[in-house]
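Here is the structure we will look at.
Note that ligands are numbered from 1 as they come in the structure, with each ligand's atoms numbered from 1 the same way.
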Amino acid sequence: AALAAAAARPQALRELDRRREVDGDWFQDPRTVGYVAYTDRFAGTLRGIRTRLDHLSDLGVRYLHLMPLLRPRDGENDGGYAVADYTAVDPRLGTMDDLESLAGALRERGMSLCVDLVLNHTAAEHPWARGWLAGDPRYAGFYTAYPDREMPDAWEATIPDVFPDRAPGSFSWVPGANGGDGGWVWTTFWDYQWDLDWTCPEVFAAMLGTVFTLAGRGVEVLRMDAAPFLGKRLGTNCQNQPEAHDVLQALHALTRIAAPAVVFKAEAIVAPDDLVGYLGAHDRYRPECELAYHNQLMVMVWSSLATRDARLAAHALRRMTPAPPTTAWATYVRCHDDIGWAVSDVDAAAVGWDGPSHRRFLNDFFAGRFPGSFARGALFQEDPDTGDARISGSAAALCGIDDARARHDPAALDAGVRRLLLAHAVVYGWGGIPLLYMGDELALANDTGYRADPERAADNRWMHRPPMDEAAFARRYDPDTVEGRVFGALTGLAAVRAELPALHASAPVEVPVLDDPAVLGWTRRHPRGGRFVGLVNVSDRPASVDAALVTGLDTVLSSDGPVRTEGGRAHLPPLSWAWLAEP
Ligand code: OTU
């Protein structure tokens, strides 16, 4: 199948394959900035995306992730993560031909298209699921069903719930399953998302076909959705099992043959120790995904802003296994999902904090329930049994911008904007592909529109998935507006980043021990581009670090002008950030 796909590869994509042999590190290049958007909410349709290409160019975008766009089931579809047909585009967005021509238009602008591959599950309405249910031998073994609760109970004893409030457990009763007698079908997520059984070779072959179809249309990056869940082992949490990595490695190896230009991005929002395996860091390096979300960095940025203390972030990030030098993190401040507090108890204890209490604090803080909180998020999937919850809310709302606007408080508004830019200064300066989430370039507020839509009302993640606000968009070049201030700062980050070789993803990142708890610092060194230091002060008071850290470096970009050194200290104003590099 891989050889046939390679033979069928269109000429333009073969040329891309050849180019990628030369610039195989394109996704590590500091010129690469990513942008993430829902096609409909950003531009209406795939054709509509063409009208936004200048906007993307302004932001330095060379990588565009369009959220799930294959044909979903009717009705609720989990934002497109319940696919009913992998060979067709959602007709509301366009056609496969539109997708292909958009990919071509993007490529001409030096932009790579990233699309989701929802591979842990299909919609219950997918033909594979219908065939399996009907007993069609071609689909035997595609899904898992048990006749009674014995095995589901045994599995669920160790599997945490993903969506405890409306989809507790990992199995759903399906009347027609099991030859018509009914059965408990594996459904990790919503009940209409049926988990594929990846131990079945035909599942692998079928999904490989989907990979080749998308690659053949010009998709350059596949976002491997829910990657941790692909392998199931009794007695475990059924995440990050060796079989999940085996599946990704096998898909990767065959894709290299069929479509060498294509890279994978792992969507594994897991504990810090489990993350780097998705980049292939195992007992030895095993090519797996070129990219993986840096969930730990994202969580630590928010944790630091809430506590006004960067010690936990510094400790947790310092001890992480480095990404293999041929891979890159996808760094981000916000995405379409909730934020789960992947704070390890060991890391919390190392700075004298209790893990569970700190996670509870973060939920209270970002839900706006903690006294003095600036955040206006909301709890997502609160689990009454465990007390666990995650957080929804737009980046601006979590930074304090929504609250400041509601209270007409200019000083609070300034602090909120500073937090938003500080967070982006970290993810744009960390190394890897910074993913800008649509709307954050304009500090878009929480959206309440979803509450009126019965297909979305029960899932408050829609509060941070707003449609593009055209009025806010129109203000983006006006520096006297919040939109203009944020947009201008982000274009600056992208432009300066592009010229800093030390931000090439292959360069290792180190997190120095600093004596001021308010400061997170990180350093990078690349043979071609010398030393880089990033510094952020997450607190509302002035902070400082030993000036030796920045000796010989120039401030290349910052919130408050060149970093001032005096009395052996480098000084950072409240909620400030700075990038410094060797001249
Ligand atoms: C992903 O998220 C998607 O990003 C979600 O939007 C989907 O709802 C879900 O898969 C199902 O397709 O648990 O709360 O470690 O964190 O796969 C979101 C990965 C999720 C999981 C992730 C999942």
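Contact annotation: for Val118 versus ligand 1, there are no heavy atoms closer than 4.0 Å. By the criterion of a heavy-atom distance under 4.0 Å, both the backbone and the side chain of Ala226 are placed next to ligand 1. Counting heavy atoms under 4.0 Å from ligand 1, residue Asp225 touches it through the side chain alone. With a heavy-atom cut-off of 4.0 Å, Arg223 touches ligand 1 through its side chain alone.
Counting the atoms of ligand 1 from 1 in the order shown, those under 4.0 Å from a heavy atom of Asp78 are 7 (C), 8 (O), 9 (C), 11 (C), 12 (O). For ligand 1, the atoms lying closer than 4.0 Å to a non-hydrogen atom of Arg390 are 14 (O). Counting atoms of ligand 1 from 1 in the listed order, those under 4.0 Å from a heavy atom of His336 are 3 (C), 4 (O), 5 (C), 6 (O). Less than 4.0 angstrom separates some heavy atom of Ile269 from each of these atoms of ligand 1: 15 (O), 16 (O), 19 (C). Numbered from 1 in the order shown, with element, the atoms of ligand 1 that lie under 4.0 Å from a heavy atom of Phe163 read 8 (O), 14 (O). Each of the atoms 1 (C), 2 (O), 3 (C), 4 (O), 5 (C), 6 (O), 18 (C) of ligand 1 lies under 4.0 Å from some heavy atom of Asp337. Near Val162, meaning under 4.0 Å from one of its heavy atoms, ligand 1 places the atoms 13 (O). In the vicinity of Asp338, heavy-atom distances shorter than 4.0 Å reach the ligand 1 atoms 14 (O), 18 (C).
For the residue pair Thr122 and Tyr143, a side-chain donor N or O sits within less than 3.5 Å of a side-chain acceptor on the partner.
Ring planes of Phe361 and His358: parallel class, angle under 30° (limits at 30 and 60°).
The closest approach between any non-hydrogen atom of Gly79 and ligand 1 is not below 4.0 Å. Assignment of Gln381 to the shell around ligand 1 is not supported, since no heavy atom sits closer than 4.0 Å.
Within the cation-pi definition used here (under 6.0 Å to the ring centroid, within 45° of the axis), Arg465 does not qualify as a partner of Tyr38.
Considering backbone and side-chain N/O of Val270, none are found under 3.5 Å from N/O of ligand 1. Of the N or O atoms in Gln239, none lie within a sub-3.5 Å distance of an N or O in ligand 1.
For atom 23 (C) of ligand 1, the candidate residues are Phe229, Trp190, Phe189; the nearest heavy-atom contact is made by Phe189.
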